[in-house]
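Read through the structure below, which is laid out as structure tokens, and then see the notes.
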Amino acid sequence: MRFRSKPSEIEAIHWRGKNVDDVVEFGADDSHSWTKVKVSDGALSLLAGARGAQEWVPVPVGHWLVCQLGDKSDIWPVDPDYFNDKYEYIDD
């Protein structure tokens with residue numbers, strides 16, 4: 001799914017606690033051959049920041065994983081309230 005923030009566009013996926021495969025696929029960075037997300041015992045962790053600079057951070061259910069359009073080298077978690085205030089859905 002794509003969303004728009006003024007003035008830029010992002011890619012994002014909503015972590016709902018059961019969409020593990022979709023989230024792992026979203027976090028796969030083909031240009032660097034690594035996966036930036038992992039799920040252990042139902043808990044999601046994200047290798048956050050540019051090239052994982054912020055190390056592994058927990059991602060609570062309901063948060064969004066966000067990256068710049070076409071750039072999976074820098075993914076970060078976003079609180080759902082902030083996400084809903086900042087971004088609007090782009091209907092392709």
Side-chain angles (χ1 to χ4, degrees):
M1 296 189 300
R2 290 179 26 189
F3 294 82
R4 178 179 302 127
S5 170
K6 299 173 188 166
S8 64
E9 290 183 28
I10 60 159
E11 292 179 79
I13 189 164
H14 193 201
W15 170 233
R16 297 182 310 273
K18 298 187 187 269
N19 55 331
V20 172
D21 292 340
D22 295 333
V23 168
V24 170
E25 183 179 329
F26 177 82
D29 186 353
D30 294 334
S31 65
H32 297 96
S33 300
W34 65 26
T35 299
K36 297 182 66 108
V37 296
K38 65 181 178 182
V39 179
S40 178
D41 297 326
L44 178 70
S45 296
L46 168 69
L47 191 57
R51 306 202 195 304
Q54 294 179 10
E55 300 295 326
W56 291 101
V57 296
V59 180
V61 171
H63 277 54
W64 289 81
L65 281 70
V66 175
C67 68
Q68 293 298 325
L69 193 60
D71 181 8
K72 297 284 179 79
S73 68
D74 187 2
I75 299 176
W76 61 95
V78 176
D79 176 87
D81 291 333
Y82 179 82
F83 184 90
N84 291 331
D85 288 343
K86 182 165 176 73
Y87 300 105
E88 64 184 17
Y89 179 67
I90 300 172
D91 187 12
D92 287 335

Hey, which of L44, I75, V20 is the one that makes side-chain contact (heavy atoms from CB on, under 4.5 Å) with V37? L44
Using the side chain to side chain contact (heavy atoms under 4.5 Å, CB included) criterion, which residues pair with L69? Sequence neighbours excluded. R2, E9, E11
Under the side chain to side chain contact (heavy atoms under 4.5 Å, CB included) test, residues paired with V61 that sit two or more places apart: W15
Student check: side-chain heavy atoms of I13 and N19 closer than 4.5 Å: yes
With the side chain counted from C-beta on, respond yes when V39 and V23 share a heavy-atom pair under 4.5 Å apart, and no when they do not. no
Given 3.5 Å as the limit, does a donor-acceptor pair link the side chain of D79 with the main chain of D81, or not? yes
Can you list the residues that meet the salt bridge (charged side-chain N to carboxylate O under 4.0 Å, His left out) rule with R16, with sequence neighbours excluded? none
Excluding sequence neighbours, so at least two apart, what forms ring pair (Phe, Tyr, Trp, His ring centres under 6.0 Å) with W64? F3, H14, F83
Is there a chain of hydrophobic side chains (I, L, V, M, F, W, Y, each step under 4.5 Å between heavy atoms) that links I10 to I90? no
Given the rule that I, L, V, M, F, W and Y join up when any side-chain heavy atoms are under 4.5 Å apart, are V24 and V57 in one cluster? yes
Using every non-hydrogen atom in the two residues, find where D71 and C67 come nearest and quote the distance to one decimal. O-CB, 3.4 Å
How many angstroms lie between CG in L46 and NE2 in H63, if you round to the nearest 0.5 Å? 11.0 Å
